[in-house]
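From a predicted model like this one, the values you see are computed outputs, not experimental measurements.
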2 protein chains.
Amino acid sequence: MIMYANYIPTVCMEEKKTMARNKYPEETLNQILTVSLNLFMEKGYEHTSIQDIINGLGGLTKGAVYHHFKSKEEILQAVIGRLNQGVDEVYASIRDDKSLNGHEKLRKIFRVSLNDHSKPEMTSTIPNLLDNPRMLAALLRNITEESVPKYIQPIIEHGLADGSIKTDYPKELSEVLMLMGNLWLNPLVFSDTTENALRKCRFLQQVLLGLGFDLLDDQMIERCGQLFRVYNEKA
Amino acid sequence: MIMYANYIPTVCMEEKKTMARNKYPEETLNQILTVSLNLFMEKGYEHTSIQDIINGLGGLTKGAVYHHFKSKEEILQAVIGRLNQGVDEVYASIRDDKSLNGHEKLRKIFRVSLNDHSKPEMTSTIPNLLDNPRMLAALLRNITEESVPKYIQPIIEHGLADGSIKTDYPKELSEVLMLMGNLWLNPLVFSDTTENALRKCRFLQQVLLGLGFDLLDDQMIERCGQLFRVYNEKA
DNA sequence: TAATACATACCTTCAGTTGGTATTAAAGTT
DNA sequence: AACTTTAATACCAACTGAAGGTATGTATTA
């Protein structure tokens with residue numbers, strides 16, 4: 001549920017005086033990505049036109065956009081890439097933390113997934129990802145092709161080696177964990193009430209206990225409740 | 001995983017002699033839906049143009065399409081609706097079957113989900129739904145907004161009443177069951193090898209046993225293996 | 001001087017519209 | 001029952017507009 005956390009909703013970029021060329025082009029590039037991400041989240045990728053993006057920029061034109069990106073699709077990929085990069089760094093640091101065993105790493109992954117979400121103050125309403133198919137697909141793809149094979153599964157296999165995790169199905173467990181945590185418990189996908197979210201957490205806790213894992217404690221569940229409370233307040 | 005089963009891949013409609021008007025317009029309508037479904041599955045919704053659909057029809061023109069549907073989006077909705085309708089009828093008949101208790105109904109749902117998939121002979125390659133965001137979103141939406149509340153959850157609550165199912169989380173269990181069965185074990189989304197699919201099944205069996213449910217037996221798991229074998233053969 | 005960072009104008013593709021025509025079904029007439 | 005009239009239907013052909021993308025030019029920086 002960490003994904004799509006680090007984006008800043010609808011804060012308009014300050015307009016620059018028209019200059020023919022920016023000395024620091026990566027500012028422009030970042031601005032395009034930021035504006036695009038906000039629009040993609042608010043209106044959805046397919047309902048965001050290039051003109052919408054241009055309007056969100058400070059006086060820049062289509063030429064600028066197509067100088068940095070060769071298509072709208074490429075903008076999307078870059079936006080997704082930046083989102084994933086943020087998650088990747090967090091996951092990687094946990095995976096490579098020598099001071100934790102596998103089980104502790106898994107818990108930490110869960111914990112930060114809940115924390116990292118609380119920071120952005122949501123000014124605008126964020127529509128459900130079910131109405132934003134491209135972003136939804138990107139989320140699922142990131143889970144299956146990045147998070148699981150690069151981080152979760154290695155962590156679980158490390159846990160198998162150090163004895164802190166026991167399972168005959170490391171890959172399957174990884175996938176299910178991520179599907180539960182990042183899809184089923186994602187307020188952007190399942191816009192549950194706080195109460196429903198808490199029930200989900202407790203059910204997940206029970207499922208994991210049935211598999212012999214004590215991953216979710218009451219504090220983490222309460223944190224999840226808070227997360228949903230924040231999300232539901234701005235509705 | 002039953003969804004998207006009843007579509008017939010790339011069998012071209014026989015061309016009718018140009019007639020100014022069809023006496024039986026619902027033939028035309030069905031033809032549009034069939035052609036569209038095939039194209040949407042093969043090329044994806046966004047990469048299918050109205051012209052592609054028209055080309056798949058037997059000499060009909062754009063006017064015909066826009067006479068029956070007022071937008072491309074509406075064609076999609078109709079296509080999805082027809083797919084969902086097929087699933088709905090099967091699920092409803094099981095839900096309303098007085099001769100089964102709740103637990104038996106759940107098992108039957110799982111069983112038919114595996115059977116109904118084997119019938120279409122896939123002539124064309126079906127790309128992954130991750131590359132077909134609109135259809136993926138439709139699948140997820142159908143799970144959360146149709147299958148779970150209308151069928152699975154009522155069945156589980158019926159099972160609670162008749163004592164064949166025990167859980168404190170009927171809704172949560174419903175959602176997780178459907179996510180596992182229709183998304184995670186869906187070859188259109190997770191294109192696993194047969195061996196991987198079997199491992200998933202056995203893991204799922206273990207999870208369910210941990211919750212006190214004996215839903216998956218070895219025969220059903222083998223059936224799932226067959227399902228994936230069929231899918232992987234045409235690749 | 002060459003590459004870069006844009007701007008402007010144009011092109012293309014595709015969803016959707018408009019106005020018409022032939023066909024069918026229904027209603028009225030004999 | 002046959003025949004005409006009428007209205008709705010099923011479709012066709014040509015057009016429109018919006019949006020993604022391109023080509024070319026220009027000022028700026030390295």
Of the listed nucleotides C:dT8, D:dG20, D:dA27, the one nearest the side chain of A:R21: D:dA27
State whether B:H68 places a side-chain N or O below 4.0 Å from either non-bridging phosphate oxygen (OP1 or OP2) of D:dC11. yes
At under 4.0 Å, does any side-chain N or O of B:T28 touch on OP1 or OP2 of D:dC11? yes
Whole-Å distance between C:dA5 C1' and A:N30 CG? 16 Å
Over how many whole Å does the gap from B:K72 atom NZ to C:dT17 atom C1' extend? 18 Å
How many whole angstroms separate atom CG of B:D52 from atom P of C:dC14? 8 Å
Atom CG of A:N55 and atom P of D:dG20: how far apart are they, to the nearest Å? 12 Å
I want to verify a distance call: between D:dC12, C:dA5, C:dA7, whose nearest atom is closest to the A:P25 side chain? C:dA5
Just checking, any donor-acceptor pair under 3.5 angstrom between side chains of B:N38 and B:E42? no
B:F69 CZ to C:dT17 C1', in whole Å, measures 18 Å
If you measure from the Lys or Arg side-chain nitrogens to the Asp or Glu carboxylate oxygens, is any gap between B:K43 and B:D52 under 4.0 Å? yes
Check for me whether A:R95 meets the cation-pi criterion with A:Y151, that is, NZ or CZ under 6.0 Å from the six-membered ring centre and within 45 degrees of the ring axis. no
Whole-Å gap separating C1' (C:dG16) and CD1 (B:I54): 11 Å
Could you go through A:N22 and A:L60, starting from their C-alpha distance and side-chain angles, then the distance that decides it, and tell me whether this counts as side chain to side chain contact (heavy atoms under 4.5 Å, CB included)? CA-CA 11 Å; A:N22 193 336; A:L60 291 174; over 6 Å; no
Among the candidates C:dA15, C:dC6, D:dG20, find the nucleotide nearest to the side-chain atoms of B:I50. C:dA15
Classify the side chain of B:K62 and the base of C:dG16 as holding, or not holding, a donor-acceptor pair under 3.5 Å. yes
C:dA15 C1' sits how many Å from B:Y66 OH, rounded? 4 Å
Below the 4.0 Å mark, does D:dA10 have OP1 or OP2 next to a side-chain nitrogen or oxygen of B:H67? yes
Out of D:dC12, D:dA10, D:dG21, minimum distance to the side chain of B:L60 belongs to D:dC12
Starting the side chain at C-beta, find the nucleotide from D:dA19, C:dA5, D:dC12 nearest to A:S49. D:dA19
Please give, in whole Å, the distance from C:dA3 C1' to A:N22 CG? 16 Å
In terms of side-chain geometry, is the basic nitrogen of A:E172 or B:K200 positioned less than 4.0 Å from the acidic oxygen of its partner? no
